[in-house]
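Comments concern the structure below.
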Amino acid sequence: MTARDPLHDAILTGDRRALARAITLVESTRPDHRERAAALLDALQAEGRQALRIGLSGTPGVGKSTFIEAFGTMLTAEGRRVAVLAVDPSSARTGGSILGDKTRMDRLARDPRAFIRPSPAASHLGGVARRSREAVALCEAAGFDVVLIETVGVGQSETLVAQIADLFVLLLAPAGGDELQGVKRGIMEIADLILVNKADGDLKATARRTVADYAGALRLLRKRPGDPDGFPKALPVSALEASGLERAWEEMQALAGWRRETGHWDRTRADQAAHWFGEEVRAGLLARLTEDAAARARMAALAAEVASGARDARGAAAEMLESLRPA
């Protein structure tokens, strides 16, 4: 019988240090670490714990960190445990990330009911880190009630967070029509709530007009099967004054409750699991391709021909794929 991983019981008791070590383990690319992480995740999944997963994205400068700190502090004050998984963009040249979210959310970082973990996006598209889904599962096993997944920032590829979260919240700043045009349709289509931040001071009236603009834009989108009447919707909030946060939380709970009662919650999670199964298979196939010496050599040779202009990229790729067919 295989011995239980020493991190297993510690995570189930909510040990934050054990949780941090486990997330480091699942983020590792070492084969032995991947094997250990898979066994740990399988054992923890059997416990059947679930949290409300909330994906959060927003335009640069909108105040995502300020909002998360205010929102998370409100939830912990009500007795809930909150985990924040923040994905930071990585340098295209060095691959490094600043990972400064704990500094920006220092008050929440000191809260014993909260856990904040920044992770680098590396080369993974979609606004989430390569192992964000597994980190979410670990936070659920550790008994957190709410898991906030902060993505890199608004972009067309940001929609991948919908394959992790139960709800997706888009945080925007008070702006005019040009800014509305700048928000990608893809991310608008997956948003469950649009929260217009900075609805305070001189920007309060502008924020309310912006909410009305986005509410009108949302009505033009096709109705989704997982939405009750009135959703998706736009609301004003102020992270600075902590206003509108309770209303936003009430709407999130109402939507999550409706999806649970109607079966959409379970169907969505099943679809997400199937999606990530396919992603793991594709990633595994690519890994095997790079591990095979003969395949690597053939790839390098064809790449050199394409770079020199001797071959077309599509034709060279077709030849490479044909060479991988079993005899």
[X] side chain vs [Y] backbone, donor-acceptor pair below 3.5 Å:
X	Y	answer
Gln272	Ala165	yes
Arg311	Ala317	no
Arg34	Val26	yes

Where do Arg314 and Asp312 land on the salt bridge (charged side-chain N to carboxylate O under 4.0 Å, His left out) test, with the steps shown first?
CA-CA 6 Å; Arg314 181 174 301 190; Asp312 173 69; 5.3 Å; no
So [Y] and [X], do their side chains get closer than 4.5 Å, heavy atoms only?
X	Y	result
Leu235	Leu193	yes
Glu150	Ile116	no
Leu40	His8	yes
Leu167	Leu52	yes
Asp266	Arg260	no
Val196	Tyr214	yes
Asp111	Val82	no
Cys139	Leu19	yes

Sorted by chain and number, sequence neighbours left out, ring-ring contact (aromatic ring centres under 6.0 Å, His included) with Phe67 holds for Phe71
Mind checking what makes ring-ring contact (aromatic ring centres under 6.0 Å, His included) contact with His264, not counting sequence neighbours?
Trp258
Do any pairs count as a side-chain hydrogen bond (donor to acceptor under 3.5 Å, both in side chains) and have a residue in residues 224-246, sequence neighbours left out, and if so which ones?
Asp192-Arg224, Asp200-Ser238, Arg224-Asp227, Asp227-Arg259, Lys233-Glu251
Suppose the criterion is side-chain hydrogen bond (donor to acceptor under 3.5 Å, both in side chains): which pairs have a residue in residues 15-24, not counting sequence neighbours?
Thr24-Arg117
Could you go through the salt bridge (charged side-chain N to carboxylate O under 4.0 Å, His left out) check for Glu140 and Arg269 one step at a time?
CA-CA 14 Å; Glu140 288 185 313; Arg269 287 217 170 185; 3.2 Å; yes
Note: [X]-[Y] ion pair, threshold 4.0 Å (strictly below):
X	Y	value
Arg133	Glu279	no
Asp271	Arg267	no
Glu291	Arg296	no
Arg49	Glu47	no

Indicate the atoms forming the closest heavy-atom contact of [X] with [Y], along with that distance.
X	Y	value
Ile164	Ser132	CD1-CB, 3.9 Å
Ala137	Leu41	CB-CD2, 4.3 Å
Ala316	Val306	CB-CG2, 3.6 Å
Ala83	Phe144	N-CD2, 3.6 Å
Ile190	Ala162	CD1-CB, 4.1 Å
Ala114	Leu108	CB-O, 3.4 Å

Could you list the residues that satisfy side chain to side chain contact (heavy atoms under 4.5 Å, CB included) with Arg208, not counting sequence neighbours?
Lys204, Pro236
Met299, CE: over 12 other non-hydrogen atoms inside 6.0 angstrom:
no
Does atom CG of Asp202 have more than 12 heavy-atom neighbours from other groups under 6.0 Å away?
no
Separation between [atom1] of [X] and [atom2] of [Y], rounded to the nearest 0.5 Å:
X	Y	atom1	atom2	value
Leu148	Leu75	CG	CG	7.0 Å
Glu189	Leu218	CD	CG	10.5 Å
Asp166	Ile54	CG	CD1	8.5 Å
Met320	Glu322	CE	CD	11.5 Å
Glu280	Trp276	CD	CH2	8.0 Å
Leu25	Glu35	CG	CD	11.0 Å

Decide whether Leu240 and Leu172 are clustered together by the hydrophobic rule: side chain heavy atoms of Ile, Leu, Val, Met, Phe, Trp, Tyr closer than 4.5 Å, transitively.
no
Quick check: is Leu203 connected to Leu195 through a chain of hydrophobic side chains (ILVMFWY, heavy atoms under 4.5 Å apart)?
no
May I have the step-by-step check of side chain to side chain contact (heavy atoms under 4.5 Å, CB included) for Ile23 and Phe115, ending in yes or no?
CA-CA 12 Å; Ile23 293 177; Phe115 173 82; 3.8 Å; yes
Strictly by modelled atom types, are Gln253 and Trp249 linked by a side-chain donor-acceptor pair under 3.5 Å?
yes
Give the intermediate values and the outcome of side chain to side chain contact (heavy atoms under 4.5 Å, CB included) for residues Val62 and Lys198.
CA-CA 8 Å; Val62 73; Lys198 303 183 180 181; 5.6 Å; no
Return the set of residues passing side chain to side chain donor-acceptor pair (under 3.5 Å) with Asp145 (not counting sequence neighbours), or none when no residue passes.
none
Where do Ile68 and Met105 land on the side chain to side chain contact (heavy atoms under 4.5 Å, CB included) test, with the steps shown first?
CA-CA 8 Å; Ile68 290 174; Met105 295 180 270; 3.5 Å; yes
Please assess Val211 against Ile194 for the test side chain to side chain contact (heavy atoms under 4.5 Å, CB included), listing each intermediate value before the final yes or no.
CA-CA 8 Å; Val211 167; Ile194 290 180; over 6 Å; no
